[in-house]
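Side chains included, hydrogens not; waters and symmetry mates left out as well; all remaining heavy atoms used.
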Amino acid sequence: DHLRAALVRQGGDAVGVDGRPIGFVVLGMGKLGGQELNFSSDVDLVYLYDTDAVAEGSRPAREFFTLLAAAVTHAIGDVTEDGVVFRVDLRLRPEGINGLPVNPMEVALEYYEGWGDTWERGALAKARPIAGDLALGDRFLAALEPFIYRRHLDYDTIEDLRGMKDRIDAELALLKPGTRNVKIGRGGIRELEFVVQMLQLIHGGHVHEVRGAGTRKAIDALEREGLLSSGEAAAMHESYRFLRNVEHAVQVEEKRQTQTLPARPEALRALARRLGYGTGRRGAPAVPDEVAGFEHDWALHTSRVHDLFVRFLEMRPDEAPRPEHGGD
């Protein structure tokens with residue numbers, strides 16, 4: 001509101017044909033949308049405004065909201081003598097880095113419905129309005145539900161996610177041999193999130209209860225609907241908690257956004273101790289070899305996640321889990 005008021009003083013507001021200021025909303029995407037920010041996260045944002053139709057004599061809507069979006073980005077992301085609030089990433093907007101920084105709702109809907117890809121469906125499944133005209137954001141996401149959650153059982157999603165994971169594996173192969181990445185590595189966070197996202201996108205069109213942002217909440221919903229067994233859900237919760245704790249600890253230790261485990265023995269030992277190994281803080285007796293305890297749990301959780309990932313990603317349509325109540 002403060003930033004908008006400043007722009008209005010500089011050159012007027014963008015006013016709709018009904019005589020009222022045109023709505024503007026900020027959507028939180030990714031980890032922000034799912035309320036799962038890391039210790040050193042960027043924030044993924046998408047800017048939308050209601051319409052380009054303005055009253056006679058009004059400031060052009062696109063001009064006004066381009067300036068407003070830039071002001072919001074700078075207020076959050078610029079580094080000042082007091083530091084920075086968050087690094088801002090706008091690449092999840094329509095057309096990504098090639099797209100305009102802000103779009104009217106109608107244009108964004110036309111893009112997603114005509115050109116949107118599976119990865120964008122997954123990104124939008126985590127979206128939520130976080131600032132501005134929240135009702136506008138709710139209307140936008142409600143209008144996109146048929147795009148995000150197809151009415152039929154969408155098994156093409158499995159193939160698309162396989163392709164996405166292949167590209168991640170190719171990226172990982174370029175790293176130094178022996179590099180372990182808690183996010184995109186074998187059995188990492190991304191593989192677990194892929195399983196959850198795949199089940200949501202396949203079944204969300206006819207089982208509304210599994211829709212929504214947040215990996216932990218989604219796991220619980222998938223279990224309630226019989227799309228994950230109680231054992232699978234418990235294992236995913238435990239492994240997700242472990243992997244996210246490792247991710248936080250790595251970023252605290254490195255003081256930057258990274259998901260790579262340290263290779264130097266002394267740094268790995270410091271990471272293990274930060275996670276409570278060898279100190280008795282994990283509810284178990286202290287043991288002399290912190291690294292051995294961490295390596296045991298790392299192998300357990302990454303193997304468990306990878307096994308689930310491979311099983312779900314390789315399933316055929318007739319093998320996919322079905323909701324216990326048969327959907328709606």
Side-chain angles (χ1 to χ4, degrees), residues 1-14 21-49 59 61-94 96-103 123-124 126-137 140 181-184 189 213-216 241 243-262 264 267 270-271 273-276 281:
D1 289 344
H2 172 75
L3 294 172
R4 182 165 191 158
L7 286 174
V8 170
R9 289 194 297 271
Q10 292 171 15
D13 206 342
I22 294 172
F24 172 82
V25 65
V26 183
L27 299 180
M29 311 287 283
K31 289 286 191 289
L32 174 60
Q35 297 180 296
E36 300 168 332
L37 289 177
N38 305 328
F39 180 81
S40 185
S41 282
D42 295 346
V43 291
D44 295 296
L45 304 179
V46 169
Y47 300 125
L48 297 170
Y49 60 96
R59 194 169 182 178
R62 183 172 294 280
E63 171 194 305
F64 180 84
F65 291 112
T66 297
L67 292 171
L68 181 56
V72 172
T73 299
H74 292 318
I76 299 172
D78 280 1
V79 179
T80 71
E81 61 183 12
D82 297 317
V84 62
V85 181
F86 283 109
R87 295 179 300 273
V88 177
D89 192 333
L90 302 178
R91 290 177 294 176
L92 293 182
R93 66 187 185 268
I97 60 173
N98 298 315
L100 295 170
V102 60
N103 284 283
L124 288 163
K126 284 193 171 186
R128 63 186 176 94
I130 60 170
D133 187 344
L134 302 184
L136 172 63
F140 174 74
N181 190 294
V182 68
K183 180 178 180 180
I184 63 174
I189 293 168
T215 300
R216 292 184 177 92
R241 186 180 307 112
L243 293 169
R244 290 301 303 276
N245 284 341
V246 173
E247 183 180 40
H248 289 307
V250 167
Q251 293 183 354
V252 169
E253 190 72 26
E254 297 289 333
K255 297 180 175 60
R256 61 190 176 93
Q257 187 180 33
T258 180
Q259 286 86 19
T260 300
L261 267 60
R264 294 182 297 109
L271 173 66
R273 291 188 67 82
R274 182 177 291 278
L275 288 163
R281 287 190 287 120

Within the structure provided, determine whether [X] and [Y] are in side-chain contact (heavy-atom separation under 4.5 Å).
{"X": "Lys126", "Y": "Leu32", "answer": "no"}
{"X": "Ile184", "Y": "Gln259", "answer": "no"}
{"X": "Leu90", "Y": "Thr73", "answer": "yes"}
{"X": "Leu3", "Y": "Leu68", "answer": "yes"}
{"X": "Phe86", "Y": "Leu37", "answer": "yes"}
{"X": "Val8", "Y": "Phe64", "answer": "yes"}
{"X": "Leu45", "Y": "Ile130", "answer": "yes"}

Count the heavy atoms of every other residue, nucleotide or ligand shown that sit under 6.0 Å from CG of Asp1, and state whether that count exceeds 12. no

Is there a donor-acceptor contact under 3.5 Å from the side chain of [X] to the main chain of [Y]?
{"X": "Arg62", "Y": "Val102", "value": "yes"}
{"X": "Arg244", "Y": "Glu36", "value": "yes"}
{"X": "Arg128", "Y": "Gly137", "value": "no"}

Minimum heavy-atom separation for [X] to [Y], with atom names?
{"X": "Ile22", "Y": "Ala61", "answer": "CD1-CB, 4.1 Å"}
{"X": "Asp44", "Y": "Gly30", "answer": "OD2-CA, 4.3 Å"}
{"X": "Ala249", "Y": "Leu271", "answer": "CB-CD1, 3.5 Å"}
{"X": "Pro101", "Y": "Thr66", "answer": "CG-CG2, 4.4 Å"}
{"X": "Val85", "Y": "Ala75", "answer": "CG2-O, 4.2 Å"}
{"X": "Val46", "Y": "Met29", "answer": "CG2-CG, 3.8 Å"}

Return the [atom1] to [atom2] distance between [X] and [Y], rounded to the nearest 0.5 Å.
{"X": "Thr215", "Y": "Gln35", "atom1": "OG1", "atom2": "CD", "answer": "11.5 Å"}
{"X": "Leu48", "Y": "Asn103", "atom1": "CG", "atom2": "CG", "answer": "7.0 Å"}
{"X": "Leu124", "Y": "Phe140", "atom1": "CG", "atom2": "CZ", "answer": "6.0 Å"}
{"X": "Asn98", "Y": "Arg93", "atom1": "CG", "atom2": "CZ", "answer": "8.0 Å"}

What pairs with [X] under salt bridge (Lys or Arg N to Asp or Glu O under 4.0 Å), at least two apart in sequence or on another chain?
{"X": "Lys183", "answer": "none"}
{"X": "Arg4", "answer": "Asp13"}
{"X": "Arg216", "answer": "none"}
{"X": "Arg91", "answer": "Asp89"}

Residue pairs fulfilling salt bridge (charged side-chain N to carboxylate O under 4.0 Å, His left out) with at least one residue in residues 63-75, sequence neighbours excluded: Arg59-Glu63

Could you walk me through whether Thr258 and Val250 satisfy the side chain to side chain contact (heavy atoms under 4.5 Å, CB included) test, starting with their C-alpha distance in whole Å, then the side-chain angles of each, then the deciding distance to 0.1 Å, before giving a yes or no? CA-CA 7 Å; Thr258 180; Val250 167; 3.7 Å; yes

ring-ring contact (aromatic ring centres under 6.0 Å, His included) partners for Phe24, two or more places apart: Tyr47, Phe65

